[in-house]
Amino acid sequence: MAVLASGMGSNLEVLIGDQRLQIVAVISDRGNAPALAGASAAGIPCSVVGWKGNQSLFTSEICRAAEEQKVEALVLAGFMRILGGEAIHRYPLRIVNVHPSLLPAFPGAHAIEYALAAGVKVTGVTVHFVDEEVDHGPIICQETVEVYPDDDVASLHARIQKVEHVVYPEAVAALAEGRLTVSGRKVLWT
Ligand code: GRF
C-alpha cells in the first residue's frame with residue numbers, strides 16, 4: 001500500500017507500526033510535510049508530487065509514483081488534495097480515507113470547525129472508500145467522539161485523532177486481508 005499524506009503524519013506513523021500492513025511507499029504533495037520525515041526514518045521510499053495546477057495531471061503523477069512501487073491500494077492519511085477519476089478507476093475500491101466527522105455530516109477540510117459551529121454534542125471519525133466526490137464513498141466504519149462544552153478545535157481534534165489511530169489501522173487491515181465487501185453504499189465486514 002502507499003500512504004498519501006500532506007501533514008503531520010500521526011496516522012501514517014500508526015499505520016507504519018502495524019505489523020499487518022505493508023506500507024511500501026509514502027507520497028506527499030508537500031516536500032516539507034513532517035509525515036515524510038517519519039516515513040524516511042522508517043526506511044520507506046517517499047515521493048513528492050507537487051500540485052500541477054491541474055487535477056488530472058496531478059492525479060496521473062500520483063498514479064505513476066504509486067505504480068513505481070507496485071502498490072495495490074492507496075491509503076489517504078491527511079492528504080489535502082482531491083484525486084481525480086484516473087486514480088479511482090485504477091484502484092477501484094482500493095482507495096480509503098479517514099475523515100474527522102460522522103459523514104455525511106461535515107465533509108471537506110473544516111469538519112471540526114463546522115461541528116463546533118453547529119453545536120453538535122457528538123461527532124466522530126469515518127473511514128470510507130474514496131470515490132469522485134469529496135468525502136463521499138461507501139462508509140467502512142464510524143466511531144463517535146463526544147464534544148465537550150469547552151472544546152476548541154485543538155482539543156476536539158486531539159480526541160478525534162486518538163480514535164482515528166485505533167479505527168484506521170483496523171479498517172486498512174480489513175481491506176488488506178480482503179475482508180470488506182461492498183454492495184452499493186453498504187460495506188460488509190467478514
Ligand atoms: C486527520 O485528523 C484526518 O482525519 C484528516 O487529516 C488529519 C491528518 O492527521 N483527514 P495526521 O497527519 O495523520 O496527523
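Counting starts at 1 for both ligands and their atoms, following the listed order. Keep in mind it's a predicted model, so treat the numbers as computed, not measured. What's counted below: heavy atoms across the whole structure, side chains too, no hydrogens, waters or symmetry copies.
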If we number the atoms of ligand 1 from 1 as shown, the ones under 4.0 Å from a heavy atom of E164 are 1 (C), 2 (O), 3 (C), 4 (O)

Note: ligand 1 atoms sitting under 4.0 Å from heavy atoms of H157 are 1 (C), 2 (O)

Test item: [X] and [Y] side chains (from C-beta on) under 4.5 Å apart, heavy atoms:
X    : Y    : answer
P107 : H136 : no
V172 : D18  : no
V96  : Y168 : yes
N11  : H165 : yes

Is the shortest N/O to N/O distance between [X] and ligand 1 below 3.5 Å?
X   : value
V98 : yes
G9  : yes
N97 : no

Exercise for review: Name the orientation class of the two ring planes belonging to F58 and F79 (parallel below 30°, tilted from 30 to 60°, perpendicular beyond 60°).
Suggested key: parallel

In terms of its nearest heavy atom to atom 11 (P) of ligand 1, the top option of S10, A5, G78 is S10

Salt bridge present between R64 and E61 (N-O < 4.0 angstrom): yes

When distances are taken from atom 7 (C) of ligand 1, the protein heavy atom at minimum range is Q161 NE2, 3.9 Å

